[in-house]
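What follows is a single structure, written as structure tokens, with notes after it.
Counting from 1, the numbers follow the sequence of the chain as shown.
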Amino acid sequence: QVQLVESGGGLVQAGGSLRLSCAVSGGTFGLYIMGWFRQAPGKERQFVASVNKGGDYRYYTNSVKGRFTISRDNAKNTVFLQMNSLKPEDTAVYYCAASIRPLAAVGLNEYNYWGQGTQVTVSS
């Protein structure tokens with residue numbers, strides 16, 4: 001059974017930084033496209049970023065480009081989301097997800113496994 005466990009969320013002031021981590025167990029990490037999604041109160045879960053299996057192709061939603069960086073360590077079965085210049089509108093529960101698709105994956109229904117989420121709160 002594939003398990004994803006996020007960590008690193010918390011409360012930060014606007015302009016600050018956080019680094020989220022997601023540890024994957026029970027599967028073959030190197031076979032998964034990894035993604036981060038977020039869900040703000042009263043809103044739908046939305047795509048934030050993804051990274052391919054080799055770690056050399058990354059996709060971002062427009063609102064985080066230049067501020068967030070997704071990366072992965074295949075030796076440690078872990079994916080990261082470095083978040084800089086945080087804004088109050090980044091406040092959400094952040095979810096890690098794994099996809100068995102062969103190429104890019106940006107849609108909710110393209111991901112097979114999900115973590116429980118970690119809360120990120122950015123104060124103004």
Side-chain angles (χ1 to χ4, degrees):
Q1 183 178 357
V2 180
Q3 291 187 322
L4 289 74
V5 179
E6 302 97 335
S7 61
L11 173 64
V12 63
Q13 289 187 333
S17 298
L18 283 174
R19 189 191 195 205
L20 304 183
S21 299
C22 173
V24 181
S25 61
T28 306
F29 183 73
L31 297 181
Y32 303 136
I33 295 169
M34 296 301 300
W36 286 96
F37 290 74
R38 65 186 180 187
Q39 187 167 16
K43 296 188 177 181
E44 295 185 349
R45 193 173 300 188
Q46 61 175 199
F47 171 80
V48 175
S50 67
V51 60
N52 72 331
K53 301 168 189 179
D56 49 353
Y57 287 96
R58 303 174 178 86
Y59 298 89
Y60 299 94
T61 191
N62 286 339
S63 62
V64 308
K65 284 181 181 178
R67 300 189 298 123
F68 290 11
T69 302
I70 188 171
S71 61
R72 65 190 293 162
D73 185 337
N74 284 355
K76 296 183 178 180
N77 292 357
T78 303
V79 62
F80 306 97
L81 185 68
Q82 177 67 44
M83 305 186 295
N84 299 329
S85 301
L86 282 161
K87 305 175 181 180
E89 50 264 43
D90 294 318
T91 294
V93 177
Y94 282 71
Y95 296 90
C96 171
S99 171
I100 61 174
R101 287 177 61 86
L103 297 175
V106 298
L108 283 170
N109 60 356
E110 295 177 310
Y111 284 81
N112 305 91
Y113 308 105
W114 292 84
Q116 293 300 307
T118 185
Q119 177 70 48
V120 171
T121 304
V122 184
S123 63
S124 57

key: For Asn74 against Arg72, the heavy-atom pair lying closest together   = OD1-NE, 2.7 Å
Residues in salt bridge (charged side-chain N to carboxylate O under 4.0 Å, His left out) contact with Arg58, at least two apart in sequence or another chain = none
ask   = Is there a chain of hydrophobic side chains (I, L, V, M, F, W, Y, each step under 4.5 Å between heavy atoms) that links Tyr60 to Met83?
value = yes
request  = Please check if Met34 and Val2 belong to a single hydrophobic cluster, counting links between Ile, Leu, Val, Met, Phe, Trp and Tyr side chain heavy atoms closer than 4.5 Å.
outcome  = yes
message = For the OG atom of Ser63 and the CD atom of Glu89, what is their distance to the nearest 0.5 Å?
response = 8.5 Å
request  = Would you kindly confirm whether Tyr95 and Val106 end up in one hydrophobic cluster when ILVMFWY residues are joined by side chain heavy atoms under 4.5 Å apart?
outcome  = yes
query = Sub-3.5 Å donor-acceptor pair from the side chain of Glu6 to the main-chain atoms of Gln116, do we have one?
reply = yes
request  = Compare all side-chain heavy atoms of Thr91 with those of Gln119 and state whether any distance is below 4.5 angstrom.
outcome  = yes
ask   = If you look at every heavy atom in Cys96 and Val79, which pair is closest and at what distance?
value = SG-CG1, 3.7 Å
ask   = Phe37 vs Tyr111 aromatic rings, parallel, tilted or perpendicular, using cut-offs 30° and 60°?
value = perpendicular
request  = Name all residues meeting the salt bridge (charged side-chain N to carboxylate O under 4.0 Å, His left out) criterion together with Glu110; count only those two or more places apart in sequence or in a different chain, and write none if there are none.
outcome  = Arg101
Which donor-acceptor pairs under 3.5 Å do the side chains of residues 42-53 make with protein atoms, sequence neighbours left out?
{"unit_1": "Arg45", "atom_1": "NE", "unit_2": "Gln39", "atom_2": "OE1", "d": "3.4"}
{"unit_1": "Gln46", "atom_1": "OE1", "unit_2": "Arg38", "atom_2": "NE", "d": "3.2"}
{"unit_1": "Asn52", "atom_1": "OD1", "unit_2": "Gly55", "atom_2": "N", "d": "3.0"}
{"unit_1": "Asn52", "atom_1": "OD1", "unit_2": "Asp56", "atom_2": "N", "d": "2.9"}
{"unit_1": "Asn52", "atom_1": "OD1", "unit_2": "Tyr57", "atom_2": "N", "d": "2.9"}
{"unit_1": "Asn52", "atom_1": "ND2", "unit_2": "Asp56", "atom_2": "OD1", "d": "2.8"}

N/O donor-acceptor pairs under 3.5 Å from side chains in residues 7-29, not counting sequence neighbours:
{"unit_1": "Ser17", "atom_1": "OG", "unit_2": "Asn84", "atom_2": "OD1", "d": "2.9"}

request  = Verify the cluster assignment for Val120 and Trp36: are they in a single hydrophobic cluster under the rule of side-chain heavy atoms below 4.5 Å apart?
outcome  = yes
request  = Verify the cluster assignment for Leu4 and Ile100: are they in a single hydrophobic cluster under the rule of side-chain heavy atoms below 4.5 Å apart?
outcome  = yes
ask   = How far does CG of Leu108 sit from OG of Ser99, to the nearest 0.5 angstrom?
value = 11.5 Å
inquiry  = According to side chain to side chain donor-acceptor pair (under 3.5 Å), who are the partners of Asn62, at least two apart in sequence or on a separate chain?
reply    = Lys65
task = Mind checking ring pair (Phe, Tyr, Trp, His ring centres under 6.0 Å) for Tyr113 and listing every partner two or more places apart, or none if nothing turns up?
result = Tyr32
